[in-house]
Trainee: 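Please read through the structure below; I'll follow up with questions.
Numbered from 1 within each chain, the chains take letters A, B, ... in sequence-line order.
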Protein chains: 2
Amino acid sequence: MSKEVAIGVLSRETGVKVPTIRYYESVGLMPQPSRTEANRRHYGPEAVNRLRFIRHARELGFEVDAIRQLLDLSDQPERSCKAADAIARRHLSEIKSRITRLRALEREVQRMLAECACGRISDCRVIDVLSHHEHCLHHGK
Amino acid sequence: MSKEVAIGVLSRETGVKVPTIRYYESVGLMPQPSRTEANRRHYGPEAVNRLRFIRHARELGFEVDAIRQLLDLSDQPERSCKAADAIARRHLSEIKSRITRLRALEREVQRMLAECACGRISDCRVIDVLSHHEHCLHHGK
DNA sequence: CCTTGCTCCTCTAGTCGCTAGAGATTGTAC
DNA sequence: GTACAATCTCTAGCGACTAGAGGAGCAAGG
């Protein structure tokens with residue numbers, strides 16, 4: 001009667017490949033799901049959102065550890081708010097930094113395309129844009 | 001009389017580790033530099049910008065192959081403008097997509113922080129934000 | 001001149017985040 | 001009841017580094 005689904009269905013619904021889902025389970029991003037009699041995983045509806053979140057966060061370049069932290073924030077709503085705050089703040093500044101640099105790159109690629117339309121890219125400055133210090137927020141790591 | 005520098009100096013000036021510079025050389029992102037009599041690499045000033053560019057681009061999540069393409073754009077200014085245009089266009093839409101999703105994440109983390117300041121994160125919706133389809137630009141890959 | 005110590009060299013192996021494949025089992029559809 | 005698809009576990013590979021071994025070069029002090 002439950003609307004639990006097999007791993008293949010979850011995969012199709014989220015765009016995350018089956019082996020990747022198993023991998024996420026093995027590194028603790030996804031919880032160990034219940035199993036059928038024949039030892040097959042099946043998942044409740046909340047797994048879909050969790051998995052989509054993981055996928056987007058990965059595409060945006062967050063590492064598994066950071067994602068685990070973000071997930072923990074929503075898993076344990078009543079937990080120490082200070083820890084959550086610190087984690088969130090760290091991620092926020094990282095996010096802002098990325099947006100800034102992506103926008104610089106966006107502007108320059110756009111400029112390149114404009115000049116390209118005029119038939120030349122002879123003064124291409126892609127390198128310049130992202131190499132200059134102004135754009136560097138220097139977040140260590 | 002030249003102001004060529006050793007790999008260690010280049011490393012310090014760019015924040016890219018020595019082994020990583022050698023790795024970039026091995027995969028063709030950095031050109032093979034000239035060597036001293038004792039077989040040590042040394043680099044001209046243009047290497048600094050190129051390396052900084054590579055570093056930023058990598059931090060922003062572009063893969064080595066994409067970076068190579070972008071670098072080729074500026075390396076061969078007189079080459080087929082059509083190819084350049086196509087490559088640039090592809091990267092531009094990828095860049096835009098990332099900015100959009102990062103902004104969605106930024107908004108939500110910011111909202112979380114605001115609520116956190118009020119002493120609760122009980123309705124934390126980090127997962128919701130990045131799992132919903134609206135934010136998904138579905139760029140295949 | 002020689003030793004101390006740093007940088008550099010090459011090479012191999014390990015890490016992270018997947019991804020692909022082998023080989024066995026189960027479940028479903030004709 | 002047999003074919004075929006989906007699942008299982010396990011191992012191995014890949015991309016992009018990163019760390020370490022083992023050796024050579026060079027500059028500075030005694």
Trainee: Within the structure, does a side-chain N or O atom of A:R35 lie under 4.0 Å from either OP1 or OP2 of C:dT26?
Mentor: no

Trainee: What is the per-nucleotide protein-contact pattern of nucleotides 1-7 of chain C, from the 5' end, where B denotes a base atom under 4.0 Å from a protein heavy atom, S denotes such proximity for sugar-phosphate atoms only, and - denotes neither?
Mentor: ------B

Trainee: Shortest non-hydrogen contact from A:T14 to A:V48?
Mentor: CG2-O, 3.7 Å

Trainee: Would you say that A:E25 contacts A:R41 through its side chain, given a criterion of any heavy-atom pair below 4.5 Å between the two side chains?
Mentor: yes

Trainee: Measure the distance from CD1 on A:I54 to C1' on C:dC16 and round it to the nearest whole Å.
Mentor: 16 Å

Trainee: Find which nucleotide of DNA chain D each of B:E37 and B:R68 is nearest to by heavy atoms, and output the residue with the more 5' nucleotide.
Mentor: B:R68

Trainee: Of A:R41 and B:R58, whose nearest nucleotide on DNA chain D comes first from the 5' end?
Mentor: A:R41

Trainee: Identify whether NZ of Lys or CZ of Arg in A:R58 sits under 6.0 Å from the centre of the six-membered ring of A:Y24 and within 45° of that ring's axis.
Mentor: no

Trainee: Closest heavy-atom contact between B:R22 and B:I7?
Mentor: CG-CD1, 3.6 Å

Trainee: Between A:R101 and A:S97, do the side chains contain a donor N or O and an acceptor N or O under 3.5 Å apart?
Mentor: yes

Trainee: Contact boundaries of DNA chain D with chain B (under 4.0 Å, heavy atoms), 5' to 3'?
Mentor: D:dA16 to D:dC26

Trainee: Check DNA chain C against residues 16-33 of chain A and give the residues with a non-hydrogen atom under 4.0 Å, in numerical order.
Mentor: A:T20, A:Y23, A:Y24

Trainee: Do A:S11 and A:V16 have side chains that approach each other closer than 4.5 Å (heavy atoms only, starting at C-beta)?
Mentor: no

Trainee: B:R103 and A:I99: which non-hydrogen atoms are nearest, and at how many Å?
Mentor: CG-CD1, 3.8 Å

Trainee: Roughly, in whole Å, what's the span from CZ in A:R55 to P in C:dG17?
Mentor: 18 Å

Trainee: Of the non-hydrogen atoms in A:H42 and A:P33, which two are nearest, and what is the gap between them?
Mentor: O-CB, 3.7 Å

Trainee: Between A:E94 and A:R98, does at least one N-O distance fall below 4.0 Å, as a salt bridge requires?
Mentor: yes

Trainee: Is the shortest heavy-atom distance from the side chain of A:V64 to the side chain of A:R68 under 4.5 Å?
Mentor: yes

Trainee: Show the nearest heavy-atom pair for residues A:L92 and B:Q110, with the distance to one decimal.
Mentor: CD2-NE2, 3.9 Å

